[in-house]
Amino acid sequence: MLCNFKDIINKKVLEKQDLITMLNAEGDDKVLLFKKSREITDSAIGNKVHLRGLIEYSNVCVKDCLYCGIRKSNRKQERYTLLDDEVTQCAQYALDNNYGSIVIQAGERTDAVFIAKITGLLKEIHKISKGALGITLSLGEQSPDTYKAWFDAGAHRYLLRIESSTKQLYNTIHPNNALHDFDNRMASLHNIRKAGFQLGTGVMIGLPHQSMENLADDLLFFQALDVDMVGMGPYIEHSDTPLFEAGHLLKTKQERLNLAFKMIATLRILMKDINIAAATALQAIDPMGREKAIKYGANILMPNITTGNFRNNYKLYDGKPCTDENPADCNACIDVRMGMIGSSVGYHEWGDSKHFKKKQTKNNIVWEP
Ligand code: 5AD
Ligand code: FES
């Protein structure tokens with residue numbers, strides 16, 4: 001029997017074809033999709049948005065992803081690594097501004113000096129915040145021992161985007177070598193979880209050669225992996241990368257943005273109580289991109305709190321927003337921006353994934369950060 005759109009979004013079990021129909025929704029159907037995902041967000045999560053102050057620790061990277069502006073082979077990119085004091089100043093900024101959590105993000109490095117440096121910084125941040133700041137890491141593929149060491153040093157969430165869950169597509173956007181191996185990335189996701197972290201992943205939306213089917217598979221992948229958090233945003237070309245030169249863009253920036261919103265809304269309907277971040281890349285296309293994403297189902301905002309001098313150099317893609325401003329410029333408008341869309345900010349709260357908490361209760365695990 002043919003179902004109408006309303007029946008589809010209300011189905012108990014969503015199948016791949018349903019997800020594709022949802023991702024293709026336009027006009028009245030799209031309005032229904034966004035309305036449904038808002039209702040689910042309100043009942044499963046509430047209207048509170050939680051902040052993660054984003055510290056872009058370093059743009060030094062040993063990898064060469066074909067889409068990324070800070071890839072190793074981009075010689076035009078000046079490199080930086082924050083000093084320890086600068087990192088703790090950022091953490092202090094987060095504390096002073098009542099943020100519940102921070103994210104430490106950097107290009108990928110797996111050398112012993114880097115690993116020890118991060119471990120030390122985690123301990124220091126834990127000390128100055130007296131354990132009050134939740135810490136998420138986004139530092140790429142590491143060994144199981146490294147994940148464990150960083151978890152033991154005080155981080156408790158980890159983001160590692162799979163970029164695309166379709167191996168064939170993943171291989172078209174990465175060099176074909178051991179450092180960029182799809183299966184290793186998958187294994188890392190499992191190792192992150194095993195170390196004890198709340199697990200986050202995500203994909204880029206609107207990649208060259210990416211189909212609606214690929215995106216529906218990404219959503220089913222998040223569900224199968226039972227992730228606690230997702231961060232996903234539109235692919236935005238960077239002019240100094242091989243993927244930009246290769247062309248083959250199927251969609252305009254606006255179309256990629258529109259699709260990203262529909263991915264967020266569809267994911268919220270599929271996985272009701274996970275944390276979904278409103279990615280910065282949304283704002284690079286539309287100044288209100290992150291606010292719209294929150295309206296359509298996201299519940300996490302990651303304002304950049306990296307000290308002003310360096311944020312110009314963390315350019316993953318062209319047109320990255322807010323790079324010339326100081327963190328305070330962004331902070332001043334967060335409450336107003338959230339108020340405009342009927343949301344409030346959960347200051348002082350970690351805002352952990354409700355999905356993760358539920359799983360723990362089910363397994364009788366008591367969480368003590
Ligand atoms: N466009 C959009 N997102 C990008 N990222 C890297 N390069 C780009 C780009 N050109 C995203 C990747 C990575 C995250 C840190 O930033 O998904 O995992
Ligand atoms: Fe640095 Fe992809 S280019 S991890």
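Order of appearance sets the numbers: ligands from 1, and atoms from 1 within every ligand.
A distance-only check finds no donor-acceptor pair linking the side chain of Asn191 to the backbone of Pro144 [under 3.5 Å]. Proximity of a side-chain donor or acceptor of Asp218 to a complementary backbone N or O of Ser164 within less than 3.5 Å is not detected. At distances below 3.5 Å, not a single donor-acceptor pair connects side-chain atoms of Glu86 with backbone N or O atoms of Leu82.
Checking Gln92 against Asp96 by side-chain atom types alone, a donor-acceptor pair falls below 3.5 Å. For the 3.5 Å distance criterion, the side chains of Asn304 and Thr306 qualify, holding a donor opposite an acceptor. No hydrogens or angles considered: nothing links the side chains of Lys262 and Asn24 as a donor-acceptor pair under 3.5 Å.
Between Cys68 and ligand 1, no N or O atom pair is found at a separation short of 3.5 Å. For a threshold of 3.5 Å applied to N or O pairs, the pair formed by Tyr317 and ligand 1 contains no separation below that value. Taking distance alone, with nitrogen or oxygen atoms compared against 3.5 Å, Glu237 stays at or beyond that limit from ligand 1.
Those atoms of ligand 1 with a heavy atom of Gln105 less than 4.0 angstrom away are 15 (C). Close approach of ligand 2 to Arg71 (heavy-atom distance below 4.0 Å) involves ligand atoms 3 (S). With ligand atoms numbered from 1 in the order given, ligand 2 contributes 1 (Fe), 3 (S), 4 (S) to contacts under 4.0 Å with heavy atoms of Cys61. When each atom of ligand 1 is checked for a heavy atom of Leu316 under 4.0 Å away, the hits are 6 (C), 7 (N), 10 (N), 15 (C), 16 (O). Listed by number with element, the atoms of ligand 2 under 4.0 Å from a non-hydrogen atom of Lys63 are 3 (S), 4 (S).
None of Gln198, Lys357, Lys359 except one satisfies the side-chain hydrogen bond (donor to acceptor under 3.5 Å, both in side chains) rule with Asp228; the exception is Lys359.
Relative ring orientation between Tyr158 and Trp150 is described as parallel, the plane-to-plane angle staying below 30° on a 0-90° scale split at 30° and 60°. Between Trp350 and His156, the ring planes are tilted. Angles from 30° to 60° get that label.
Here Cys65 has heavy atoms under 4.0 Å from ligand 2 in both its backbone and its side chain.
Metal site remark for atom 2 (Fe) of ligand 2: His174 contributes no N, O or S atom at a distance under 2.8 Å.
Nearest protein heavy-atom neighbour of atom 10 (N) of ligand 1: Ile236 O, 2.7 Å. Atom 11 (C) of ligand 1 has Arg161 NH1, 3.6 Å as its closest protein atom, hydrogens excluded (heavy atom only). Among all protein heavy atoms, the one lying closest to atom 7 (N) of ligand 1 is Tyr67 CD1, 3.3 Å. In terms of protein heavy-atom proximity, atom 4 (C) of ligand 1 is nearest to Met204 SD, 3.5 Å. Glu163 OE2, 3.4 Å is the protein heavy atom nearest to atom 13 (C) of ligand 1.
For Pro234, the closest heavy-atom approach to ligand 1 falls below 4.0 Å.
Side-chain heavy atoms closer than 4.5 Å link hydrophobic residues (I, L, V, M, F, W, Y) into clusters, and following such links, even through other members, never connects Leu159 to Leu316.
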